[in-house]
Amino acid sequence: MHPGDPEPLNAEENRALRVVKRLGIVGALFLAFGSLGAGAAPILNPVLDIPVLRLFARIPTVSLAIAFTGMGMMVAAWLLLGRFARPGRTRLASPAQVYRTLAMWTVPLLVIPPLFSRDVYSYLAQSAIVDRGMDPYELGPAQALGVADPLTAGVSNMWRETPAPYGPLFLDIGSWISGAVGTHVAVGVLLMRGLALVGLGLIVWALPRLARRFGVQPSTALWLGAANPLVLFHLVAGAHNEALGIGLMLAGLELGIRRLPIRVSGDSPPPLAKGELACILLGAVVITGAAMIKIHAIVALGFFGVMIARRWYGRLTDLLWAAALMTAVCAAVTAAICFGTGLGFGWVGALGTPGMVWNWISPVAELGQLGGILGIMLGLGNHTAAVIAILGILGYVVAGSITAKFLWDSFRWRYRPIIGLGVSLGAFMTLHVAMQPWWLLWAVIPLAASAGTSRFRAAATAVSAVLAMVIPPTGSTFDGRSYIVSQAYVAGGIVLLGALVIVWRAAPLLFSRRMGETRPEAV
């Protein structure tokens, strides 16, 4: 232990932590069983052939209530775990304790149907298009595979005719999975979830290392960035490819800056260290690979270039040289991947595919809907689509302006570049018309490793907890009977209250002010 490091938890706190772990495990089990009837199960559902478990698929309303109960328990457990990971406490949970807790909460979610969206079926279908020698950037699953194909059957109706918006590296990796499983959709889902776990592993590897570098407690970063319910619900249970994209982006940053000397504004730069240039090049290659999974990761190259320019002399010419280096590496790696996979550059033209959906949690989409309603009320006609299109372009302009500002301010030593990266990615995600809850992880996870302010942690905690609960896990519309969802929320809330009473009786310390005990120097 280094001077100033927090002390380990005492016996009473360890007992309370075990109660929190159990609450999260019970919640994960509830969510797992509820997913059998409320998840986005494949059309040919293997659960229907399993005695006892198939009962959940036949009572989807009850399964939905069970799933909501599990979600609430996991969010509550995460919030209580945060009390052991708050910086400034005299005693703090160790990274190993957070690792074990994350693993225990993850295991029940590994072999369940996809939750919260059917995107994983799109991954499988678009990957199968590649495996069968066709172009996923020209043909949608229905056109390429046919509507009767089991892979097409699982894809949401809105995406059956659209090209893939994902990078060629992801679809090439996916084609290996599709080639191995054929039309065995359930096996394909499990393998795609395994790919997401690789990404989660990269996040868990890089996050505490970056946190130490930027003066954030590793346990705090792991709690907010890896044990976050948005990660568990959407990257693990939902098997979204954001896991691999974010994981590669963070790993690239850690590899790229691990040999860079720690400097402050005005320091004279030391000579180039052994292996420093190799690490810089490797980091840029890995980050570009992340962008070939999801294009958002390319923003990290800009802020990585700022880190390099600041490591040199911090002059404008250094920034230009760093930008040229990042551009050259990005161009070379992108070309190698595009030509090596045989998919070319068609992905560039398909990047606008997600914008076909207007998500109700997107501020831009909701503002556009309001503009359309006002137009109708004023007798100007329904111009909602045009308003949203204009606002979408303005959103890109605003996000781009925010990114440019933080690039420049980071270069001038006003911000840490990784904080600028998190804010910039957050702007792009929030101002997109199709914003999804898990998109915000592009911002939350880098900021978890670098932002040490309590205001950020409080805001990120509140946003994560709310967004984790607002999207139902169901893969069913219940024939338009929306009241079923509200009833499931109420039922889940009642059970959750009972669970919290049990937790309070088992570990009253969790609800005590003594949990806020801080080190004298942190007061």
Side-chain angles (χ1 to χ4, degrees), residues 102 106 109-110 114-128 130-131 136 164-181 188-207 210 225-226 228 230-256 282-301 330 333-334 336-338 340-341 343 347 350-351 354 421 425 429 436-446 448-449:
L102 174 60
T106 299
L109 306 179
L110 297 182
L115 290 173
F116 304 101
S117 85
R118 306 187 70 86
D119 284 2
V120 67
Y121 298 117
S122 294
Y123 301 163
L124 288 170
Q126 290 155 354
S127 298
V130 177
D131 181 59
Y166 311 115
L169 180 58
F170 176 72
L171 292 182
D172 189 59
I173 295 172
S175 71
W176 305 343
I177 293 176
S178 290
V181 304
V189 168
L190 295 179
L191 291 179
M192 280 292 179
R193 184 172 284 130
L195 195 60
L197 287 178
V198 172
L200 179 59
L202 291 172
I203 293 171
V204 169
W205 174 79
L207 199 54
L210 290 170
N228 192 304
L230 291 177
V231 172
L232 295 170
F233 292 174
H234 298 289
L235 301 194
V236 177
H240 283 284
N241 58 6
E242 267 77 9
L244 189 58
I246 296 172
L248 285 172
M249 181 183 74
L250 286 188
L253 286 172
E254 167 57 25
L255 292 171
L282 177 60
V285 168
V286 175
I287 293 172
T288 304
M292 294 298 99
I293 301 290
K294 292 293 288 271
I295 191 61
H296 311 116
I298 203 167
V299 177
L301 280 178
C330 180
V333 174
T334 299
I337 291 175
C338 289
T341 60
L343 293 174
W347 57 274
L351 291 177
L421 170 63
L425 285 172
M429 302 303 138
Q436 300 287 351
W438 56 91
W439 288 12
L440 291 183
L441 291 171
W442 285 95
V444 170
I445 293 177

_The test is side chain to side chain contact (heavy atoms under 4.5 Å, CB included); show your working for M429 and H296 and say whether it passes._
CA-CA 9 Å; M429 302 303 138; H296 311 116; 3.2 Å; yes
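- By the 4.5 Å heavy-atom criterion applied to side chains, L110 and L197 are counted as neighbours.
- Residue A243 comes nearest to A196 through the heavy atom pair CB-O, 3.4 Å, listed as atom of the first residue, atom of the second, then distance.
- A heavy-atom distance below 4.5 Å is found between the side chains of L421 and L253.
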*Verdict with supporting geometry, S178 and V130, side chain to side chain contact (heavy atoms under 4.5 Å, CB included)*: CA-CA 9 Å; S178 290; V130 177; over 6 Å; no
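- Proximity of L351 to P165: side-chain heavy atoms (C-beta onward) are nowhere separated by under 4.5 Å.
- The shortest heavy-atom contact between P114 and V189 is CG-CG1, 3.7 Å.
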_Between S127 and M192, does the side chain to side chain contact (heavy atoms under 4.5 Å, CB included) criterion hold? Intermediate values first, please._
CA-CA 11 Å; S127 298; M192 280 292 179; 3.9 Å; yes
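- A parallel orientation is assigned to the rings of F233 and F116, their planes being inclined by less than 30° (bins at 30° and 60°).
- L230 places none of its side-chain heavy atoms less than 4.5 Å from the side chain of V444.
- In this structure the side chain of L200 never reaches within 4.5 angstrom of the side chain of L235, judged on heavy atoms.
- Y123 and N241 share a side-chain donor-acceptor pair at under 3.5 Å.
- The heavy-atom pair separating I337 from P168 by the smallest distance is CG2-CG, 4.0 Å.
- Side-chain atoms of S175 come within 3.5 Å of backbone N or O of D172 as a donor-acceptor pair.
- Checking each of I287, L202, V204, L210 against L250 for a side-chain contact (heavy atoms from CB on, under 4.5 Å) leaves exactly one that passes, namely L210.
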